[in-house]
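Order of the sequence lines sets the chain letters (A, B, ...), proteins ahead of strands, with each chain counted from 1.
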Amino acid sequence: MAESTLPKKLTRKDFVSDQEVRWCPGCGDYAILAAIQKVMPELGVPREKTVFVSGIGCSSRFPYYMNTYGFHTIHGRAPTFATGIKCARPDLTVWLVTGDGDGLSIGGNHLLHLLRRNVDIKVLLFNNRIYGLTKGQYSPTSEQGKKTKSTPMGSIERPLNPLRFAIASEATFVARTYDTDVKHMGQVFEAAARHKGIAFIEILQNCVIFNDGAFDPWINKKAKEETLAFLEHGKPITFGAGGRKGIRLRGFAPEVVTWGEGEAPPADLVVHDAHDASSAPAFLLADLEAPMVMGVLRQVEAPTYDAGLVGQIERARERAGGKADLAALFREGAETWTV
Amino acid sequence: MAESTLPKKLTRKDFVSDQEVRWCPGCGDYAILAAIQKVMPELGVPREKTVFVSGIGCSSRFPYYMNTYGFHTIHGRAPTFATGIKCARPDLTVWLVTGDGDGLSIGGNHLLHLLRRNVDIKVLLFNNRIYGLTKGQYSPTSEQGKKTKSTPMGSIERPLNPLRFAIASEATFVARTYDTDVKHMGQVFEAAARHKGIAFIEILQNCVIFNDGAFDPWINKKAKEETLAFLEHGKPITFGAGGRKGIRLRGFAPEVVTWGEGEAPPADLVVHDAHDASSAPAFLLADLEAPMVMGVLRQVEAPTYDAGLVGQIERARERAGGKADLAALFREGAETWTV
Amino acid sequence: MSATTTPSRPGKPILEFERAVVRFAGDSGDGMQVTGSQFTTTSALIGNDVATFPDFPAEIRAPAGTLPGVSGFQIQFGSVDVHTPGDAPDVLVAMNPAALKANLRDLQDGATIVANKNAFNPAGLKKAGYEQNPLEDGSLAKFRVIEVPLSDLTREALKDSPLDPASVDRCKNFFALGIMFWLYDRPLDPTYTWIRAKFKGKQVLIDANELALRQGYYFAETAEIFTAHYAIKPASHLPPGEYRQISGNEAIALGLVTAARKAGIDLFYGSYPITPASDVLHALSRYKAHGVKTFQAEDEIAAVGAAIGASFAGALGVTGTSGPGVALKAEAIGLAVMTELPLVVVNVQRAGPSTGMPTKTEQADLLQAMFGRNGECPVGIVAPATPAECFTLTVEAARLALTHMVPVFILSDGYLANGAEPWRLPDPDAIAPITPRFVTSSDGPFRPYAHDPETLSRPWALPGTPGLEHRLGGLEKWDGTGNISYDPDNHHHMVALRAAKIERMQVPPAEVMGPAEGDLLVLGWGGTFGALRTAVEQVQREDGAAVSLCHLRYLNPFPPDLGEVLGRFKRVLVPELNLGQLWTMVRARYAVPAVKYSKVKGRPFQVAEVVARLREELAQARAEVARG
Amino acid sequence: MSATTTPSRPGKPILEFERAVVRFAGDSGDGMQVTGSQFTTTSALIGNDVATFPDFPAEIRAPAGTLPGVSGFQIQFGSVDVHTPGDAPDVLVAMNPAALKANLRDLQDGATIVANKNAFNPAGLKKAGYEQNPLEDGSLAKFRVIEVPLSDLTREALKDSPLDPASVDRCKNFFALGIMFWLYDRPLDPTYTWIRAKFKGKQVLIDANELALRQGYYFAETAEIFTAHYAIKPASHLPPGEYRQISGNEAIALGLVTAARKAGIDLFYGSYPITPASDVLHALSRYKAHGVKTFQAEDEIAAVGAAIGASFAGALGVTGTSGPGVALKAEAIGLAVMTELPLVVVNVQRAGPSTGMPTKTEQADLLQAMFGRNGECPVGIVAPATPAECFTLTVEAARLALTHMVPVFILSDGYLANGAEPWRLPDPDAIAPITPRFVTSSDGPFRPYAHDPETLSRPWALPGTPGLEHRLGGLEKWDGTGNISYDPDNHHHMVALRAAKIERMQVPPAEVMGPAEGDLLVLGWGGTFGALRTAVEQVQREDGAAVSLCHLRYLNPFPPDLGEVLGRFKRVLVPELNLGQLWTMVRARYAVPAVKYSKVKGRPFQVAEVVARLREELAQARAEVARG
Ligand SMILES: Cc1ncc(C[n+]2csc(CCOP(=O)(O)OP(=O)(O)O)c2C)c(N)n1
Ligand SMILES: Cc1ncc(C[n+]2csc(CCOP(=O)(O)OP(=O)(O)O)c2C)c(N)n1
Ligand code: SF4
Ligand code: SF4
Ligand SMILES: [Mg+2]
Ligand SMILES: [Mg+2]
């Protein structure tokens with residue numbers, strides 16, 4: 001019981017908890033759960049060193065199904081709890097699961113500051129463009145004009161692009177994937193896990209009950225070759241039949257170019273540089289709709305908040321030279337006298 | 001008393017309230033107040049139709065000094081009150097005053113959603129990169145490493161760029177100005193006032209007490225020719241002595257070019273297009289530090305939230321064809337029977 | 001239920017009852033809420049008094065066939081006063097084994113169980129955690145079990161329908177409903193009408209559902225499963241008028257629109273979805289033709305902020321939520337108190353603390369409404385006692401808020417919100433107008449804090465009014481000018497003034513049902529009314545005891561005579577679905593040794609348990625008198 | 001003050017007093033807080049007992065010379081017990097006309113005023129709203145006014161300093177301090193030491209300030225303005241030991257570090273700046289060498305969320321704020337209650353409601369701490385009575401939180417936070433260790449909600465422990481397994497269990513100062529202690545009355561014997577800086593007819609007003625006995 005789980009090679013099953021999974025049949029959440037459970041053993045992190053934190057929403061039930069430590073917190077505030085956990089215990093690997101409502105409506109500010117601080121946490125934002133748990137109101141990612149229970153005449157709000165939000169929040173790792181591609185999810189999750197610092201992943205997730213088919217125009221099997229571009233660092237961004245479409249810049253404006261079978265691609269195709277010091281290119285890619293990009297848009301290195309915190313403590317301890325006992329503390333910065 | 005103030009030509013003084021102004025001597029807030037009071041009469045909006053809303057902070061005392069309607073609310077929440085005011089009464093002109101702490105720390109989420117919704121409100125964010133009112137803690141715009149009362153060993157957080165935040169939040173008008181240039185402030189304020197929809201203005205503001213000179217490297221009289229580039233829509237972005245420096249793009253990367261006196265500027269200088277449908281160029285400009293850009297980075301048209309709300313009500317009323325009395329309401333959607 | 005046999009239609013005899021209780025239970029996907037609603041509407045339409053209790057599973061869907069996935073809907077209907085959905089069902093319709101298991105403990109001996117036999121297969125039994133088939137192992141011997149192969153029968157009935165098998169299977173709830181309609185002798189037409197409206201344009205679905213309903217009815221009439229059926233006559237005690245069914249949440253929505261109209265201002269509703277309050281937002285968002293502005297905010301803080309902003313601008317600013325949302329709104333409500341702006345806060349309470357049990361009912365947010373803010377921060381509080389009363393008290397809450405320029409809470413709960421009862425449509429003209437203290441001009445400099453000596457309301461000057469420009473804020477205000485003030489005496493004065501505002505509210509005297517003095521006073525509030533009233537009346541009737549009920553609608557301020565009323569009884573019992581919150585307020589205020597009676601189970605009181613407790617208390621009271 | 005003349009040094013006679021009260025008042029820019037602190041430190045160092053009351057202007061700077069800009073610092077120092085900063089100053093130092101005007105009403109006839117004559121020029125008088133010069137118009141006839149041209153004298157003293165005129169002028173507070181040091185016969189050395197540390201590396205400033213101080217002292221000695229000076233001997237009642245001055249906020253910071261150390265865990269402090277709590281964050285952020293992690297969050301919700309997260313991860317999670325911040329934390333505190341995690345919540349109360357008067361003190365957040373959350377959501381509450389006690393009770397709060405796995409509030413206030421008193425440094429080893437119920441292994445499946453029968457604490461299994469993986473959350477939990485449960489009986493049980501946890505806390509019996517029974521019990525809590533104790537002792541002494549003080553440090557749970565204690569007095573008076581919050585709790589709990597005594601002025605009680613009220617109450621009590 002009390003031994004670390006590392007020595008023995010873990011399998012997917014080790015990460016399955018004893019709780020019955022409670023999502024609607026057909027919900028995209030199942031596939032995401034499966035993808036995570038599959039990737040976990042690859043990461044070499046013992047179960048007991050892993051913590052899943054979530055807010056409230058269908059997606060936020062996630063921690064119950066992971067046989068790791070877990071904390072299902074309150075609506076929108078998961079980033080705050082996760083920050084406390086990681087700061088108190090930088091040795092833990094912290095994953096955060098949130099929804100488009102949880103993470104971008106009520107929780108937008110906490111998410112923003114979590115990203116900005118570069119706390120070493122992996123964020124999975126399940127974007128189903130709807131409030132699932134409360135039964136179908138529009139969310140900050142719902143398209144304008146959307147008719148829902150609370151907008152019988154259509155929503156009048158402009159949607160937020162989660163990736164642009166993350167990029168503007170200075171996130172050091174920003175990616176997108178989708179629930180019907182277990183392999184791609186796995187790759188992205190693994191890349192996030194290996195990134196040192198905050199990782200933000202938008203996962204397009206289908207809510208069969210309240211927003212079925214929201215991403216169909218992009219991710220359905222037939223269309224997707226033409227509608228999705230899978231990013232690879234250092235490679236030109238291509239898509240379409242035979243990968244014979246690419247993106248070119250006209251000033252700031254991206255433009256799709258096509259070339260014939262057997263032809264060489266144009267020389268001025270945009271080559272994806274995830275490590276670009278400037279986040280402006282990623283910002284531009286995030287907004288593309290034809291094609292929509294999938295994969296890691298941005299990955300740069302920066303000191304993490306948790307490491308900074310620990311670093312200051314170490315430095316302060318050095319300076320104090322071991323004089324940090326309570327008796328010394330009581331006198332610190334004060335004049336004393338004796339009666 | 002009960003007459004509208006419009007007919008008579010208003011002057012700056014009409015907008016000065018009877019409350020004694022209470023900022024520290026030398027605070028940048030004075031100049032901003034003066035600039036606003038100067039611009040107000042130009043806008044043709046009667047005093048009584050104008051409402052200033054603010055949160056909490058030194059800057060948020062602003063409404064008390066304006067002889068208009070005003071609401072000094074609670075910390076970080078001013079966008080919510082302003083939204084309610086504008087939605088309830090689209091005939092009012094609503095200004096919102098906030099600080100870097102009020103607007104980007106505790107209030108970041110409300111600001112984000114206000115911008116995203118494109119409510120027709122003008123936002124003035126006084127960025128002094130510090131918490132003034134609570135006497136000197138770092139803020140979300142403070143530079144990394146900053147030593148303050150709460151960070152004696154230096155802050156370990158990465159600062160947020162307010163303009164990038166606003167752009168990612170889909171704001172339709174985004175601008176920057178600074179407290180020592182009354183004329184530039186006036187121009188920007190007026191442009192914002194004339195914009196239909198949300199307008200977000202970052203104002204670099206000096207806090208003499210807790211963060212004196214924070215913007216000196218850019219805005220001090222001697223340096224500023226070389227460090228600031230004033231944007232004009234449709235014109236190349238130039239700066240420096242004689243305006244003989246400009247910006248060119250290498251792929252995504254901006255690059256400063258210089259040309260000699262009497263020489264023609266290079267043909268491929270970036271021409272500022274504030275109305276670009278894509279917000280990526282503005283996002284790029286927002287981050288420049290040498291030079292830092294001033295003026296309107298972005299201004300695009302989009303339907304406002306308040307107009308959308310009113311529009312739906314009008315359409316619903318048309319559809320109901322006047323049958324919207326209480327007796328009809330009580331029966332709406334229900335089966336009734338008589339006893 | 002005591003029966004009298006009446007001449008019946010040919011076929012089987014009809015037994016007449018005063019009231020009956022039916023519960024439909026099945027999987028979340030089985031349409032139990034619709035089934036129950038249809039039974040209710042039909043019963044109401046034929047003139048019964050009704051009360052309902054929908055019992056949802058947790059918000060999130062559970063796997064089909066499991067206990068957490070069970071959804072229930074209970075209705076009591078009668079020819080006499082019906083105040084509660086009933087303690088125990090006379091008939092339980094169980095669509096699957098999980099539904100049976102989850103509901104069995106609520107049945108009394110002799111109750112009837114209509115079970116969908118087809119669902120009691122090995123897979124279904126396993127999901128419900130049954131080792132053996134309860135229909136076969138004799139464990140249900142105390143009940144009258146009627147096994148109906150509902151799935152088979154529905155499939156058979158719809159064998160000619162072009163619907164796919166899954167859709168056919170989804171019609172079985174209407175087959176069951178047909179059976180129940182026959183059993184309680186109710187017409188099918190209202191349900192036909194509903195089906196036609198609901199599936200408008202989808203004739204296949206209309207046909208299938210109508211057929212399932214009809215075949216269920218015929219099946220019950222024909223098959224040898226029931227020996228008799230029952231009649232419950234129209235209720236004769238209902239005052240004449242036009243009626244509809246109304247749930248608490250619907251009533252709040254209608255009340256808000258009414259109040260705004262009566263005050264001649266617009267309604268602005270700021271809200272963030274949360275169970276069980278979301279339906280108020282949904283209802284209001286459909287009332288755009290009535291000038292209603294709804295705002296789905298990014299969170300609860302934004303919702304209340306926008307509502308306060310709207311009030312500042314001259315609308316009736318309202319925000320609605322449940323307990324966790326109220327927690328988030330606390331700071332902003334404090335600002336409304338300080339700036340003396342009208343605000344209505346709707347709290348549809350649910351079981352807490354924290355996320356708690358979101359779909360279950362509770363009354364544990366009373367002290368939060370009273371005290372859940374920093375500083376001395378008084379607000380008005382009203383609490384409707386029934387779904388229909390949610391209308392009246394919502395209008396009252398708005399009236400108080402607008403008259404005194406102060407926030408007023410409406411404490412509803414999950415039970416009232418989703419429960420329904422007949423509501424006599426009020427005459428709009430008979431509702432008194434609401435007259436806020438608007439000002440449009442001022443002699444001399446405008447004094448936004450010049451308080452009315454009677455209501456202590458400050459004048460409401462709307463932006464847009466020339467000459468009345470003023471600034472509000474959360475810092476302490478100088479009485480009169482409203483300027484920021486740190487003056488010690490002014491602060492004390494203003495703290496007292498804000499408290500006095502609440503005390504100045506005109507609220508009706510305490511209503512005592514039963515003798516004006518006696519052995520035992522039951523002091524209640526909110527959604528427990530039906531059970532308390534029924535229990536008190538039963539004890540009055542059966543025991544001839546001097547027990548009365550005082551059910552408070554106004555919790556801050558209390559009715560002016562409440563202290564006296566309490567003093568007229570030997571013993572005061574305060575039953576609440578919490579650990580004693582009204583009890584705390586009453587003891588603090590009147591220093592009376594009231595006794596608390598707490599039930600915190602996410603469920604309403606049962607009449608029987610209240611009756612038992614009343615008898616205990618009466619015995620206690622007598623013993624004390626004997627001792628003393 | 002009653003004087004005895006003692007042999008004095010040559011020059012002027014020294015009159016000896018038991019205690020004295022001095023108030024420094026000037027513009028925010030005049031350095032009054034520093035001046036007051038130096039006077040305090042020096043007095044403490046020479047062995048006086050001291051108590052201080054800094055009175056800040058509103059947070060924002062007001063224009064120089066105006067009334068809102070006045071900053072004050074009062075100190076009482078004595079050779080005898082000093083429990084309050086004193087009602088009325090014996091000497092008021094007024095640096096400008098506004099300072100005089102703002103403080104005049106607090107002076108009693110015969111008090112001494114030392115006024116900076118130079119500032120009473122037309123401009124200064126106008127800014128303070130004086131039509132005539134009060135130094136000249138005879139309006140101060142009741143006082144002993146000593147006019148000193150402070151600005152001129154300082155300029156003269158520093159005429160050789162290279163400092164610019166504005167900086168020279170900023171030294172005048174030390175000139176004034178020098179005068180006061182002479183007047184009360186105090187040494188200059190401690191202030192020299194402070195000046196040298198403060199301006200380290202800036203010799204010019206060191207020289208100037210030292211010179212101003214010295215010249216002030218000499219001036220007082222030489223000039224004919226004082227006829228005598230005063231001595232206040234070292235206090236003899238203080239127990240022997242090493243002392244320092246401590247403010248409430250400093251004491252909380254030290255208490256938190258101590259508690260974490262005593263529990264063998266790390267301290268994590270999540271906070272968002274807010275007056276008057278920010279200094280706790282500032283202090284802790286300097287304790288990194290002690291392993292303290294401070295987190296300045298984006299708002300109060302994030303601050304408490306991070307603290308709870310840290311607790312989950314095994315730290316002592318603490319969050320600190322003032323009332324408006326507590327309002328925002330309510331929802332998250334509910335989660336800590338539900339997940340049974342330890343949490344300390346520091347509320348340094350300020351005057352409300354809403355933004356209120358942020359720099360002023362009040363005790364109006366007690367009921368918010370008790371009830372300000374949705375659902376039945378009990379927490380522990382302690383309240384220190386003096387600045388130094390903030391240390392002890394902070395350790396106690398952490399102990400209770402860690403022992404019972406529950407949030408515990410510390411209710412401090414602006415008065416305690418900024419006020420200071422001598423603190424005897426405790427022996428770290430004499431502080432009892434804190435032993436949370438850590439678990440590191442489990443026989444069979446881990447049961448995170450297996451409650452200890454005594455403390456009702458659940459086991460604390462830290463992430464990283466193999467085999468104890470578990471999931472927490474805000475939905476209702478099954479006792480034992482901690483699985484989500486909607487079971488009605490379990491919910492009732494868990495609601496009761498969470499309440500019982502608080503009742504199980506071991507808190508000491510109520511301490512009664514004075515007779516154990518009698519006519520009048522004064523029941524107090526928090527920062528009013530000094531005034532209440534002094535007043536009660538005065539009435540005991542002067543009137544020989546049977547009046548006692550019971551000052552509560554534990555407000556939830558109450559001391560176990562509190563009910564009995566209350567029962568032993570004819571009358572119970574509850575003085576509070578609110579509208580009766582402890583009063584509400586005590587009446588609700590014990591149904592005793594306690595009387596409330598409210599002062600809500602943003603200021604502490606004055607001893608004299610309490611004495612007067614006690615005499616009234618005693619008369620009342622006697623009258624009742626006579627009548628009865
Ligand atoms: C304070 C608070 N407000 C509101 C709610 C109700 N609520 C729960 S989840 C949710 C939104 C869920 O949407 P999303 O985050 O997109 O998750 P999904 O269910 O779609 O996975 C809301 C509004 C709550 N639990 N707490
Ligand atoms: C709920 C709440 N938390 C904290 C505070 C304290 N507070 C007031 S203003 C402020 C920050 C001010 O910084 P900023 O917004 O940058 O304004 P500035 O004073 O610099 O103009 C803080 C933390 C408060 N008033 N209310
Ligand atoms: S409601 Fe939607 S998101 Fe939630 S479990 Fe069902 S399908 Fe999934
Ligand atoms: S503290 Fe800073 S921001 Fe505030 S008024 Fe003073 S100078 Fe201005
Ligand atoms: Mg969603
Ligand atoms: Mg600032």
Portion of Ile46(D) that has a non-hydrogen atom of chain A nearer than 4.5 angstrom
neither
Can a side-chain donor-acceptor contact be found between Ser43(D) and Arg186(D) if the only test is distance below 3.5 angstrom?
yes
Tell me, side chain or backbone of Leu335(D) under 4.5 Å from chain A's heavy atoms, or both, or neither?
side chain
Is chain A contacted by the side chain of Arg286(D), its backbone, both, or neither, given a heavy-atom distance below 4.5 Å?
backbone
Does a side-chain N-to-carboxylate-O contact under 4.0 Å join Arg331(A) and Glu242(D)?
yes
With a 4.5 angstrom heavy-atom cut-off, could you sort out which part of Thr73(A) is near chain D: side chain, backbone, both or neither?
both
I'd like to know which of Pro428(D), Gly314(D), Ala461(D), Pro234(D) tops the heavy-atom pair count under 4.5 Å against chain A.
Pro428(D)
Heaviest contributor of heavy-atom pairs below 4.5 Å to chain D, chosen from Trp337(A), Phe330(A), Phe81(A), Phe71(A), is Trp337(A)
What part of Leu341(D) is in contact with chain A, defined as an atom under 4.5 angstrom from a non-hydrogen atom: side chain, backbone, both or neither?
side chain
Please determine whether a side-chain nitrogen of the Lys or Arg among Arg12(A) and Glu42(A) lies less than 4.0 Å from a carboxylate oxygen of the Asp or Glu.
no
Of all of Thr338(A), Asp325(A), Thr336(A), Asn109(A), which one pairs up most often with chain D through heavy atoms under 4.5 Å apart?
Thr336(A)
Go through the atoms of Thr339(D) and report whether side chain, backbone, both or neither lie under 4.5 Å from a heavy atom of chain A.
side chain
Please find out if less than 6.0 Å separates the ring center of Phe52(A) from that of Tyr64(A).
no
Where on Tyr305(A) is there a heavy atom nearer than 4.5 Å to chain D: the side chain, the backbone, both, or neither?
side chain
Region of Asp299(D) in contact with chain A, defined by heavy-atom distances below 4.5 Å
side chain
Between chain A and each of Ala303(D), Pro240(D), Ala306(D), Ala235(D), count heavy-atom pairs under 4.5 Å; write down the option with the most.
Ala306(D)
How many angstroms lie between CD in Glu332(A) and OH in Tyr287(D), if you round to the nearest 0.5 Å?
6.0 Å
SB check Arg47(A) Asp14(A) (cutoff 4.0 Å)
no
Which label fits Tyr131(A) and His75(A): parallel for a plane angle under 30°, tilted from 30 to 60°, or perpendicular past 60°?
perpendicular
Per-residue tally against chain A (heavy atom, under 4.5 Å) across Ala197(D), Gly241(D), Pro422(D), Gly474(D) peaks at Gly241(D)
If you count heavy-atom pairs under 4.5 Å with chain A, which of Asp429(D), Thr41(D), Asp266(D), Asn483(D) comes out on top?
Asn483(D)
Taking every heavy-atom pair that is under 4.5 Å apart, which of Thr83(A), Leu329(A), Leu309(A), Leu92(A) has the most such pairs with chain D?
Leu329(A)
Taking the six-membered ring for Trp, is the centroid-to-centroid distance between Phe62(A) and Phe126(A) below 6.0 Å?
yes
For Ala307(D), is it the side chain, the backbone, both or neither that has a heavy atom under 4.5 Å from a heavy atom of chain A?
neither
Structural part of Arg319(A) lying under 4.5 Å from a heavy atom of chain D
neither
Side chains of Thr304(A) and Lys196(A): is there a donor and an acceptor less than 3.5 Å apart?
no
Only pairs of heavy atoms separated by less than 4.5 Å count here; which of Lys49(A), Glu314(A), Arg315(A), Met66(A) has the most with chain D?
Met66(A)
Separation of Leu115(A) CG from Thr172(A) OG1 (nearest 0.5 Å)
8.5 Å
Among Phe268(D), Trp194(D), Phe312(D), which residue forms the greatest number of heavy-atom pairs with chain A at distances under 4.5 Å?
Phe312(D)
Assert yes or no for the condition that the ring centre distance of Trp478(D) to Tyr486(D) is strictly below 6.0 Å.
no
Among Lys288(D), His290(D), Met338(D), which has the most heavy-atom pairs under 4.5 Å with chain A?
His290(D)
Less than 6.0 Å separating the ring centroids of Tyr243(D) and Trp423(D)?
no
